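Let me begin by presenting the structure, written as structure tokens, before commenting on it.
All chains are named by letter (A, B, ...) in the order of the sequence lines, taking the proteins before the strands, and each is independently numbered beginning at 1. Computation of the quantities below employed the complete heavy-atom set of this structure, encompassing side-chain atoms and omitting hydrogens, waters and symmetry-equivalent molecules. This one's a predicted model, so the numbers in the text were calculated from it and none came from an experiment.
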There are 2 protein chains.
Amino acid sequence: MPRKRSYSRVTRQALTMLGKLIRIGRAERGLTAQELADRAGISRTTLSSIEKGAPGPEIGIVFEVASLVGLRLFESDERMLQVHSSRVDEKLTLLPKSVRHAVKEVDDDF
Amino acid sequence: MPRKRSYSRVTRQALTMLGKLIRIGRAERGLTAQELADRAGISRTTLSSIEKGAPGPEIGIVFEVASLVGLRLFESDERMLQVHSSRVDEKLTLLPKSVRHAVKEVDDDF
DNA sequence: TACCTTTGTTCATTCAAATGGACACAGCTC
DNA sequence: GAGCTGTGTCCATTTGAATGAACAAAGGTA
């Protein structure tokens, strides 16, 4: 099956935003594209598409680049955890192990 | 050239964290892995590795899934902009168009 | 000004991400 | 308990991301 993808506006915005923040971070640190690419172990071409906000690059690479220029993402909590107001692992273990759906209507007989 | 990659601890942590948040978000919305995968237009296998925090998946897909379960990433600013305390595009245009390095020492002759 | 570094972009090749089918098993539901 | 549903994982195949070289153009520097 063909593999054409579509992305929501929110996603595209987030990608563009992240790309710009990386670009700014790189400039603030006085790094050329080549230098940052080398440090991240990727090619300048890939870094370019990351800064452009392309959806294709691997998330690991993007996060690596982001951290290299000093961006804080989900750094083991802080912001994200405050937002979700509880510890993640705790929440995870309390969760049912699988999502089960009602077989029919639960009780809709009047 | 071979393409083996290494990721910093921060990156791996961020990936794991994001994966867990997605998993929690999915559970809270009562979605099965298959359902969420369908909505995102990806396979259940890929969703699985995303929730595991694998570095390989495309960032566009991960962000799409994240937004589908209600996670806020860089939603055109809010947190991130507060953190960086200024508007991004403004900062971008003020930046020098290219990073130039000093040819030698600027003035180191004593 | 001329020079040279940085960047944006294209392109063919390489290689791993994404797929989908399969299977075992955990864990709800009755 | 039996039965079914959701999940984790494997694997062969497909397809697109990552690469690196190349070139033009923009933009600092002398």
Item to check | Sorted by number, the residues of residues 48-59 of chain B with heavy-atom contact under 4.0 Å to DNA chain C | outcome: Gly56(B), Pro57(B), Glu58(B)
Item to check | Atom pair CG (Leu15(B)) and NZ (Lys20(B)), whose distance is rounded to the nearest 0.5 Å | outcome: 12.0 Å
Checklist outcome for this item: Interatomic distance, CD1@Ile22(B) vs CG@Leu36(B), rounded to 0.5 Å, equals 8.0 Å
Item to check | Phosphate contact (dT19(C) OP1 or OP2) by Arg5(A) side-chain N/O below 4.0 Å | outcome: yes
Checklist entry - Which residues within residues 30-38 of chain A lie with some heavy atom under 4.0 Å of an atom in DNA chain C? => result Thr32(A), Ala33(A)
Item to check | Rounded interatomic separation in angstrom, taking CG from Leu47(A) and C1' from dT19(D) | outcome: 14 Å
Next on the checklist: Using heavy-atom distances to pick each residue's nearest nucleotide on DNA chain C, tell me which of Thr45(A) and Arg26(A) is more 5'.
Outcome noted: Arg26(A)
Checklist outcome for this item: Terminal axes of the helix from dT1(C)-dA30(D) to dC30(C)-dG1(D) (5 end pairs apiece), angle rounded to 10 degrees, sit apart by 60°
Checklist entry - Out of curiosity, Leu18(A) CG to Leu71(A) CG, how far, rounded to the nearest 0.5 Å? => result 6.5 Å
Output side-chain donor-acceptor pairs under 3.5 Å for residues 59-66 of chain B, partner residues at least two apart or in another chain, one line each.
from: Glu64(B); atom 1: OE1; to: Ser8(A); atom 2: N; distance (Å): 3.0
from: Glu64(B); atom 1: OE1; to: Ser8(A); atom 2: OG; distance (Å): 3.4
from: Glu64(B); atom 1: OE1; to: Thr11(A); atom 2: OG1; distance (Å): 2.6
from: Glu64(B); atom 1: OE2; to: Ser8(A); atom 2: N; distance (Å): 3.4

Atom pairs under 3.5 Å, N or O on each side, protein against nucleotides 23-28 of chain C: can you list them with distances?
from: dG27(C); atom 1: N2; to: Arg100(A); atom 2: NH2; distance (Å): 3.2

Checklist entry - Looking at Arg23(A), does any N or O in its side chain come under 4.0 Å of the phosphate oxygens OP1/OP2 on dT6(C)? => result no
Checklist entry - With a 4.5 Å limit on heavy-atom distance, are the side chains of Val99(A) and Leu31(B) in contact? => result no
Checklist entry - With sequence neighbours excluded, what pairs up with Arg44(A) under the side chain to side chain contact (heavy atoms under 4.5 Å, CB included) test? => result Ala33(A), Gln34(A)
Checklist outcome for this item: Against the side chain of His101(B), the closest entry in dT19(C), dG6(D), dT6(C) is dT6(C)
Checklist entry - Touch check for Gly60(B), heavy atoms < 4.0 angstrom, all strands: base, sugar-phosphate only, or nothing? => result nothing
Checklist entry - Rounded to the nearest 0.5 Å, how far does CZ of Arg12(B) lie from OG of Ser6(B)? => result 8.5 Å
Item to check | Arg5(A), CZ atom: more than 12 neighbouring heavy atoms under 6.0 Å | outcome: yes
Item to check | For Thr46(A), all residues meeting side chain to side chain donor-acceptor pair (under 3.5 Å), sequence neighbours excluded | outcome: Ser43(A)
Checklist outcome for this item: Rounded to the nearest 0.5 Å, the CG atom of Asp38(A) sits from the CG atom of Leu47(A) at a distance of 10.0 Å
Item to check | Distance in angstrom units between Ile42(A) CD1 and dT19(D) P, rounded | outcome: 6 Å
List, one per line, each side-chain donor-acceptor pair under 3.5 Å for residues 50-58 of chain A, sequence neighbours excluded.
from: Glu51(A); atom 1: OE1; to: Arg23(A); atom 2: NE; distance (Å): 3.4
from: Glu51(A); atom 1: OE1; to: Arg26(A); atom 2: NH2; distance (Å): 3.4
from: Glu51(A); atom 1: OE2; to: Arg26(A); atom 2: NE; distance (Å): 2.8

Checklist entry - Could you state the CD1-C1' distance from Ile61(A) to dT19(D), rounded to the nearest angstrom? => result 11 Å
Checklist entry - Just how far is it from atom CZ of Arg87(B) to atom CG of Leu94(B), taken to the nearest 0.5 Å? => result 10.5 Å
Next on the checklist: If you compare all heavy atoms of Glu90(A) against all heavy atoms of Thr93(A), which two are closest, and at what distance to 0.1 Å?
Outcome noted: O-OG1, 2.8 Å
